[in-house]
Amino acid sequence: MSDTTIARADTTIRPFRIEVPEHEIEELRRRIDATRWPTKELVTDRSQGVQREVAQALADYWTTEYDWRRCEGRLNALPQFRTAIDGVDVHFIHVESKHENALPLIMTHGWPGSIIELLETIGPLTDPTAHGGRAEDAFHLVLPSIPGYGFSDEPTELGWGPIRIGRAWEQLMRRLGYTRYVAQGGDVGSQVTDAMGRLGLEGLIGIHTNLLTPALGDPQALSASPPTKEERAALDQLEAFHATGTGYFIEQATRPETIGYALLDSPIALAAWMIDHDTDAYQKIARAFVDKQPSGNLTREHIVDNITLYWLTRTGAAAARSYWEEGQENARAAGQAPTPVAVPVGFTTFPGEIWRTPRSWVERAYPNVDIYFNEVDKGGHFAAWEEPELFSDELRAAFRPLR
Amino acid sequence: MTETTIRPFRVEVSDEALADLRQRIGAARLPNRELVDDRSQGVQLATIEELARYWASDYDWRRCEARLNALPQFVTTIDGVDIHFIHVRSGHENALPLIMTHGWPGSVVELLEAVGPLTDPTAHGGRAEDAFHLVLPSLPGYAFSGMPTELGWSPARVARAWDELMHRLGYTRYVAQGGDVGAAVTDAMARQAPAGLAGVHMNLLVTGLAGGPHPSETAEERAAGEALAAFQTSGSGYYLEQSTRPQTIGYALVDSPIALAAWMLDHDTDSYVKIADAFVNKEPTGNLTRDNVLDNITLYWLTGTGASAARSYWERAHAQVAAAAASQTPPPASVPVAFTQFPGELFRAPRSWVEQGYPNVLYFNKAERGGHFAAWEEPDLFTSELRAAFRSLR
């Protein structure tokens with residue numbers, strides 16, 4: 001192969017299909033059946049972690065009713081691709097709307113998420129007329145898997161924090177021929193989206209997030225003095241999160257390889273680690289398994305799709321490493337004022353999120369730009385997953401002025 | 001059989017359990033290599049690969065089992081929980097009774113090397129007057145002790161159980177020692193000051209961990225402050241997870257031997273580096289040998305105690321939160337306190353910090369060698385410290 005072919009191959013966009021060998025699925029089932037269980041927690045709530053009843057209900061469902069091939073079929077029914085960017089093969093779903101003048105949108109999942117958490121929004125976002133919207137609401141949708149997650153490759157060198165991912169997304173959008181686009185994200189995706197906003201990317205005309213990344217740093221600085229009632233409530237929620245809810249966060253940010261051994265070797269360890277996120281999401285997921293009462297689209301099947309995706313792609317350690325990288329990036333930036341975001345910012349507060357972001361925090365986090373802000377009445381941390389229609393409505397409203 | 005009976009105990013692990021362990025190690029799915037050349041992303045793949053290889057092929061649990069069974073082991077029910085303990089009486093008259101408590105990720109295994117020097121000093125370079133009658137209990141939820149089935153087993157409750165145990169053994173005047181979680185228990189004993197407790201020795205300053213401000217005038221004090229801050233910033237993931245979500249990490253620790261081994265090795269930097277050296281370069285530090293390290297991990301595995309041991313952190317954190325909410329400060333330690341600073345410990349507690357934590361400091365010394373697992377790594381040096389620390393209390 002000549003150098004020119006290598007150079008050309010480097011920007012190629014290749015179609016991608018998922019084909020998991022049957023023996024891997026059998027091996028997974030065998031491991032779940034062979035689980036050695038701890039004794040039951042000594043409390044009647046989630047305060048010692050994932051309750052054994054929940055983990056066992058999940059294991060039962062996983063080995064008896066669950067069918068990975070359905071998820072695989074669903075993903076393979078979508079246009080999936082891989083392309084090498086900055087040395088890493090990035091996997092993405094790319095659904096072009098049939099509507100002319102649709103707005104290109106790149107949407108980034110979080111942890112413990114994947115493209116799975118965004119699948120329900122594809123219909124409403126790309127085909128609005130079939131989902132209660134208007135042709136003018138249409139988006140061309142790009143859903144990449146973050147390097148180290150899902151079907152993207154693991155980085156083999158250091159430095160893949162949100163900023164580098166943001167730059168890679170810009171290349172991806174260019175490669176797809178989009179010169180004017182918007183970006184959206186929650187959780188880790190909101191960090192990437194926030195970083196894109198601060199990079200001053202030429203084609204990026206606006207962002208929307210559903211987790212206020214700057215509040216994870218110094219929420220006091222975003223508050224009035226003294227804080228308003230809403231700010232006080234959000235500060236208290238953040239404090240509670242930092243006090244008792246960040247074990248997974250600190251472990252992944254400091255020792256991703258250590259927890260990685262558990263996440264690669266034990267399906268139940270992986271499932272427990274992944275469902276032990278915020279209290280609201282945990283409780284909804286626990287109800288889906290124990291009482292068979294899912295909240296919105298947070299169904300047993302969708303939850304296990306996402307966990308199985310991590311298992312089959314062996315990405316527990318690599319995904320955890322993205323927290324380590326973010327920590328390093330923050331350490332490198334310490335003491336420097338962040339570059340302000342210069343494009344319009346949309347933000348939606350979902351009531352079940354770790355903290356309920358008040359409008360004032362969004363305005364202080366993103367000064368001197370147009371702000372879209374709304375607080376909705378349903379949904380939590382996994383807003384797109386849980387309430388795809390409501391989530392899509394928010395994106396339509398947030399980006400309408402930018403079309 | 002009455003509630004206070006002391007029953008003999010032997011360790012008997014089935015061949016099936018050992019075969020299952022070996023099978024699981026052989027079938028481990030490992031992640032890709034970390035992207036750094038040090039421990040800053042956690043336990044390194046080369047360390048785990050070598051540990052797994054040695055564990056599945058060369059390691060022999062029966063050796064550890066025989067070693068434990070060669071010692072007098074017992075179980076007795078205290079406060080509703082079966083407490084396992086080793087009890088070695090010295091051949092010397094007037095030996096001082098000593099209850100010594102292991103920590104996490106430790107067990108009685110980390111204290112075994114100290115049994116000889118402490119109970120039989122004349123065979124280990126000491127004098128008859130240095131002898132101890134030694135009691136080594138397993139903490140509730142650890143190894144062969146029962147798992148608590150109700151809430152409330154904070155270090156203070158364990159401390160009360162230990163006093164009951166010493167009473168039950170007929171010891172009316174005794175001393176206590178501990179590092180790590182064992183130091184938290186020993187600290188609680190010193191504050192409860194039961195009638196029989198003549199003094200304590202610790203090798204981790206729990207009053208230093210609890211927060212400051214600590215003296216920071218001298219270079220030594222500032223260095224300790226910096227080491228403590230570094231631990232809290234980048235080394236306390238396991239601590240926070242166990243204090244807040246023991247059940248969640250428990251699924252990993254009970255189901256995957258490799259997850260368990262990695263979680264247990266990823267303690268402080270000094271001991272991690274020493275243990276990694278033992279496996280990768282076959283250069284153990286003191287008694288932190290491959291076999292000894294795996295004895296301890298295998299003990300956690302075979303007893304299925306990963307989750308219940310992690311729960312002890314949750315209990316301690318809850319006791320602290322409850323005390324803070326009630327504006328209760330623990331009573332000062334009224335018994336004499338001895339402390340040895342080992343150079344590899346998480347932070348080198350200066351004498352001023354020890355004096356800040358305890359009004360009655362009987363003994364303070366800096367050892368030349370040893371780290372967090374001082375008794376395990378340097379049993380002779382550790383023993384000399386205990387002899388010197390408790391000499392004036394005999």
Side-chain angles (χ1 to χ4, degrees), chain A residues 27 31 34-43 46-52 55 154-159 243-273 275-276 311 314-318 320-321 324-325 327, chain B residues 20 24 27-36 39-45 48 147-151 233-263 265-266 304-308 310-311 314-315 317-318 321:
Chain A
E27 165 71 0
R31 280 180 189 251
T35 300
R36 288 195 349 158
W37 295 95
T39 51
K40 189 181 175 300
E41 67 283 354
L42 299 183
V43 291
R46 74 159 320 218
S47 66
Q48 291 190 335
V50 172
Q51 292 154 287
R52 200 181 60 173
E154 285 182 31
T156 52
E157 60 176 6
L158 293 179
T244 65
T246 52
Y248 77 95
F249 192 104
I250 303 290
E251 181 65 16
Q252 299 200 141
T254 58
R255 298 285 185 269
E257 193 75 7
T258 301
I259 191 62
Y261 296 105
L263 306 182
L264 269 283
D265 192 39
S266 162
I268 293 303
L270 176 68
W273 191 253
I275 68 176
D276 196 349
W311 177 264
R314 302 173 179 241
T315 44
R321 230 176 264 147
W324 189 92
E325 289 286 4
Chain B
D20 178 63
R24 285 175 188 259
R29 290 195 346 161
L30 297 176
N32 286 330
R33 190 185 173 280
E34 67 284 353
L35 298 182
V36 291
R39 71 157 324 215
S40 65
Q41 291 190 336
V43 175
Q44 292 155 288
L45 183 63
I48 281 293
M147 296 179 195
T149 53
E150 59 176 6
L151 292 179
T233 310
S234 68
S236 59
Y238 78 94
Y239 191 104
L240 184 60
E241 181 66 15
Q242 298 200 140
S243 298
T244 58
R245 298 285 186 269
Q247 191 75 13
T248 302
I249 191 62
Y251 296 105
L253 306 182
V254 176
D255 190 40
S256 162
I258 293 301
L260 176 68
W263 192 252
L265 252 56
D266 198 347
T305 45
S308 55
R311 245 174 245 149
W314 188 94
E315 289 286 5
H318 268 247
V321 168

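Please read all numbers here as calculations on a predicted model, not as lab measurements. Worth knowing before you read on, the calculation uses all heavy atoms, side chains too, and leaves out hydrogens, waters and symmetry mates. Chain A is the first sequence line, chain B the second, and so forth, proteins listed ahead of strands; every chain is numbered from 1.
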Item to check | salt bridge (charged side-chain N to carboxylate O under 4.0 Å, His left out) contacts in which one or both residues fall within residues 245-254 of chain A, not counting sequence neighbours | outcome: none
Checklist outcome for this item: Cut-off 4.5 Å, heavy atoms of chain A, and the answer for Ala27(B) is both
Checklist entry - Can you check whether Leu45(B)'s main-chain N or O pairs, donor with acceptor, with Tyr261(A)'s side chain at less than 3.5 Å? => result yes
Checklist entry - With Ser47(A), which residues qualify under side-chain contact (heavy atoms from CB on, under 4.5 Å), at least two apart? => result Val43(A), Asp45(A), Trp314(B)
Checklist outcome for this item: Shortest non-hydrogen pair, Asn32(B) vs Arg321(A), comes out as O-NH2, 3.5 Å
Checklist entry - Where do Arg311(B) and Leu42(A) land on the side-chain contact (heavy atoms from CB on, under 4.5 Å) test, with the steps shown first? => result CA-CA 9 Å; Arg311(B) 245 174 245 149; Leu42(A) 299 183; 4.1 Å; yes
Next on the checklist: How close do Glu241(B) and Tyr248(A) get, counting heavy atoms only, and between which atoms?
Outcome noted: OE1-N, 3.4 Å
Item to check | Chi angles and distances behind the side-chain contact (heavy atoms from CB on, under 4.5 Å) call for Leu158(A), Gln41(B) | outcome: CA-CA 11 Å; Leu158(A) 293 179; Gln41(B) 291 190 336; 3.8 Å; yes
Next on the checklist: With rounding to the nearest 0.5 angstrom, report the CG to CZ distance, Leu240(B) to Phe249(A).
Outcome noted: 11.5 Å
Checklist entry - Which region of Thr315(A), side chain (C-beta onward) or backbone (N, CA, C, O), has a non-hydrogen atom less than 4.5 Å from a non-hydrogen atom of chain B, or is it both or neither? => result neither
Checklist entry - Going from OH on Tyr251(B) to CH2 on Trp273(A), what distance comes out if it is rounded to the nearest 0.5 angstrom? => result 13.5 Å
Item to check | Closest non-hydrogen atom pair between Gln247(B) and Pro38(A), with its separation | outcome: NE2-CG, 3.9 Å
Checklist entry - What option among Thr254(A), Leu264(A), Ile250(A) has the most heavy-atom pairs under 4.5 Å with chain B? => result Leu264(A)
Checklist entry - Do you know which of Ser236(B), Pro246(B), Gly235(B), Ala307(B) has the most heavy-atom pairs under 4.5 Å to chain A? => result Pro246(B)
Checklist entry - Among Ala261(B), Gly250(B), Ser234(B), who wins on heavy-atom pairs under 4.5 Å with chain A? => result Ser234(B)
Item to check | Chi angles and distances behind the salt bridge (Lys or Arg N to Asp or Glu O under 4.0 Å) call for Arg29(B), Asp265(A) | outcome: CA-CA 5 Å; Arg29(B) 290 195 346 161; Asp265(A) 192 39; 5.9 Å; no
Checklist outcome for this item: So, the part of Gln44(B) with a heavy atom under 4.5 Å from chain A: the answer is backbone
Item to check | Basic-acidic side-chain contact under 4.0 Å: Arg36(A), Asp255(B) | outcome: no
Checklist entry - In terms of heavy-atom proximity below 4.5 Å to chain A, should Glu150(B) be classed as side chain, backbone, both, or neither? => result backbone
Checklist entry - Is Arg39(B) close to Arg255(A) at the side-chain level, that is, under 4.5 Å between some pair of heavy atoms? => result yes
Next on the checklist: Need one label for Thr233(B): side chain, backbone, both or neither, based on atoms under 4.5 Å from any heavy atom in chain A.
Outcome noted: backbone
Checklist entry - Stepwise, does the side-chain contact (heavy atoms from CB on, under 4.5 Å) test hold for Glu257(A) with Arg33(B)? => result CA-CA 8 Å; Glu257(A) 193 75 7; Arg33(B) 190 185 173 280; 5.5 Å; no
Checklist entry - Quick one: CD1 on Ile268(A) to OG on Ser256(B), what's the gap to the nearest 0.5 Å? => result 12.5 Å
Checklist entry - Checking Thr248(B) side chain against Val50(A) main chain: does a donor-acceptor pair fall under 3.5 Å? => result yes
Item to check | Region of Glu157(A) that comes under 4.5 Å of a non-hydrogen atom in chain B | outcome: backbone
Checklist entry - To the nearest 0.5 Å, what is the distance between CD1 (Ile249(B)) and CG (Asp276(A))? => result 10.0 Å
Item to check | side-chain contact (heavy atoms from CB on, under 4.5 Å) between Trp324(A) and Val36(B), worked out | outcome: CA-CA 11 Å; Trp324(A) 189 92; Val36(B) 291; 3.8 Å; yes
